[in-house]
Amino acid sequence: MTLTAVPPREKLVEMYGTMVKIRLFEEKVFELYAQNLVPGTIHLYTGQEAVAVGVCSALRRDDYITSTHRGHGHCIAKGADVKRVMAEILGKRTGYCKGKGGSMHIADFSVGMLGATAVVGAGIPIAAGAGLSIKLRKTDQVVACFFGDGASNQGTFHEGINMAAIWSLPVIFVCENNLYAMGTRQSMVMRVESVAERASAYGIPGVVADGNDVLAVYDATLKAAERARKGEGPTLIECKTYRHRGHSRVDPAKYRPKEEVEAWLARDPIKRFREKLLELNVLTEVEIQQIDREVAAEIEEAVQYAMESPYPAPEEALEDVYA
Amino acid sequence: MRKITYREALREALREEMRRDPAVFLLGEDIGRYWGGAFKVTEGLAEEFGDERVRDTPISESAIIGVAVGAAITGMRPVAEIMFGDLTALAMDQIANQAAKLRYMFGGQAKVPLVIRTPFGGGVNIAAHHSQCLEAWFMHVPGLYVAVPSTPYDAKGLLKTAIRGNNPVIFCEHKLLYPIEGEVPEEEYTVPFGVADIKREGEDVTVVATLYMVHRALRAAEVLAKEKGISVEVVDPRTLTPLDKKAIINSVKKTGRLVVVSEDCKTAGVTAEIAAMVAEEAIDYLDAPIKRVAEPDTPIPFSPPLERRVIPDEKAIIRAVEEVV
Ligand SMILES: Cc1ncc(C[n+]2csc(CCOP(=O)(O)OP(=O)(O)O)c2C)c(N)n1
Ligand SMILES: [Mg+2]
């Protein structure tokens, strides 16, 4: 892989810390779920950390992202506070959405996280709209729009990307291709090898990135962001990745061949990045362990905060319908 | 006072709000300089404000609304046009699940100042895909406002309120109303949401009607007054969400009789909601059963005699009024 620029040490360390934060956060959510402390369902981001962190590390704080049902990682990578993300997942009043959204609908507008939508593909035109808003307001922000391989079969994919393309909107469409939409393999529902090929239908660049290599994702995003900020329009980046767990809480993912799972687990993005950082002499084994411990403590704190937070009062269900 | 058409009144509202606030912009299919909107509401606006702010889009209803939602939550005030009301069906997820719910789902973080203008209604023989009145679909979605202007005055004033507000509004226009003329002051004014207008005062029967049916109700009232000596009060809610319950109930208190008229299917429609509301909250004031004048539960047919059969006319309104007095 040839990088445009290897990020500075500080950035690399931060990226590593954020990936670990997402991993430990999700493992914690899984644990709480098993204890019946999480209402509803959950779609864990475990295994895809390099995508959210690679993309968001290449963005500025005032840039926007849109997210999906598998969105905890996007939120954390964009800079949301894990305490309030955890509180939202537990349905607490201190959560980002005061307990009205839950796992599939988290937003933190203060860091440009415009929210997760649980309707597969619905975020694509919304991201294009944020891009149009940027263009009309004449700022140099960009939008990164996360969605899955399954979402790329929605009409909104076609309509939204086409509109962003014809108007040269500053949007980076990030397809997280984890090979499956629930139990549906990509090959069952697409004749093309990669979603990125579809970019040619809109006259925009389509790039395939190793979605388990945070630096590759970072690099592809930097290029796309630069292009977008210059007014040259959107890019479609397809990040090939894999979810380590089932689709949602109840899914044992039996439809995935064992060898496939093992091959992808061997390509664990965090393990790979750790090795890379050691190889580049960015961090020592001891420093890595130190970071892991600090992050674990932060997650513990978030759990405690969320657990101790009150539930919303029932009457709060009637608030926030209209502005 | 000067008279202008409903179409001109809408255009004036758009023009004035675009001059007033650079965050306001328009998007939709063929709304720009080459066509000026299928019903010519936006004619001339691209020439004044440019193609960036009067934006022609591909035929992509879902993305038109989705893009408008994305722009609205990031500081703009989009006014989207959906060429025909029936076609809101293609954008229904973006309208009902996204625009309407983002604020709530995100615990009040999002503001969605979005207006969706669209023409509803039959009477022009374009059949089932271009003639429905679907206001009730949107009344059923918390988070949306539903405006139903019946006159040029209301059209202008309500559109200004819609554009300045911070919530998604389904702004229902009616094809037969575009050419009608009415008094509209030169001076600046707005019409608030949730305030009904008594279009004609009367003593004997309250007729609640919206959009084009207001005009049919007024003509029916004229006939009933002249020929039968029945005094009809015509109440136009002007917005269905929020609904001015008080105005409707006050009128029922006075007349003791209610006929609800709407150009949509009877089942689970506009008339059902208003009748149920009065039955629940004001039944003690009623001296007769509530009558509903609405469409039978069919698609809108093409052939003129067929279409005339299903859309409520003056005669149907007159019959209903006579039945309750
Ligand atoms: C429009 C829509 N259809 C179906 C569903 C149910 N559903 C939830 S997630 C999902 C699969 C999505 O797959 P993909 O886009 O690849 O994302 P991933 O779950 O792999 O992250 C489905 C079918 C939904 N939420 N929305
Ligand atoms: Mg997938």
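Every chain is numbered from 1 and lettered A, B, ... according to where its sequence line falls, protein lines coming before strand lines. The shown structure was predicted, so the numbers you read here are calculated from the model rather than taken from an experiment.
Comparing P168(B), G107(B), A23(B) by how many heavy-atom pairs each has under 4.5 Å with chain A, the most go to G107(B). By number of non-hydrogen pairs under 4.5 angstrom with chain A, the leading residue of I73(B), N166(B), L102(B) is I73(B). Your options are L136(A), I134(A), D108(A), T156(A), and the one with the most heavy-atom pairs under 4.5 Å with chain B is L136(A). Note: E52(B) leads K111(B), K101(B), E52(B) in heavy-atom pairs under 4.5 Å with chain A. Among A122(A), G115(A), G101(A), the residue with the largest count of heavy-atom pairs under 4.5 Å with chain B is A122(A).
Residue A116(A) touches chain B through its backbone alone, counting heavy-atom pairs closer than 4.5 Å. Looking at D51(B), neither its backbone nor its side chain comes within 4.5 Å of chain A, counting heavy atoms on both sides. With a threshold of 4.5 angstrom between heavy atoms, Q109(B) approaches chain A through its backbone and through its side chain. Contact of E88(A) with chain B is not made at all, since no heavy-atom distance falls under 4.5 Å. For chain B, the nearby part of N162(A) is the side chain; its heavy atoms alone come within less than 4.5 Å. Interface remark: A128(A) contributes backbone and side-chain atoms alike to the contact with chain B (heavy atom separation under 4.5 Å). Residue contact with chain B, scored on non-hydrogen atoms closer than 4.5 Å, involves the backbone and the side chain of L114(A) alike. If you measure heavy-atom distances from I124(A) to chain B, you find no contacts under 4.5 Å at all.
Aromatic ring orientation, H130(B) versus F84(B): perpendicular (interplanar angle above 60°, classes split at 30° and 60°). Relative ring orientation between H43(A) and H69(A) is described as perpendicular, the plane-to-plane angle rising above 60° on a 0-90° scale split at 30° and 60°. Relative ring orientation between Y145(B) and F193(B) is described as perpendicular, the plane-to-plane angle rising above 60° on a 0-90° scale split at 30° and 60°.
Note: I64(B) CD1 to E159(A) CD = 8.0 Å, rounded to the nearest 0.5 Å.
Nearest heavy-atom pair, R238(B) versus V195(B), reported as atom, atom and distance to 0.1 Å: NE-O, 3.0 Å.
Annotation: side chain of I22(A) is in contact with side chain of E26(A) (closest heavy-atom distance under 4.5 Å). With a 4.5 Å cut-off on side-chain heavy atoms, D56(B) and Y34(B) count as touching.
For an aromatic pair to be called close, the ring centres must be under 6.0 Å apart, and Y96(A) with F106(B) fails this.
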- Task: Show the numbers, then the answer: is there a side-chain contact (heavy atoms from CB on, under 4.5 Å) between W167(A) and T57(B)?
- Result: CA-CA 10 Å; W167(A) 295 338; T57(B) 67; 3.8 Å; yes

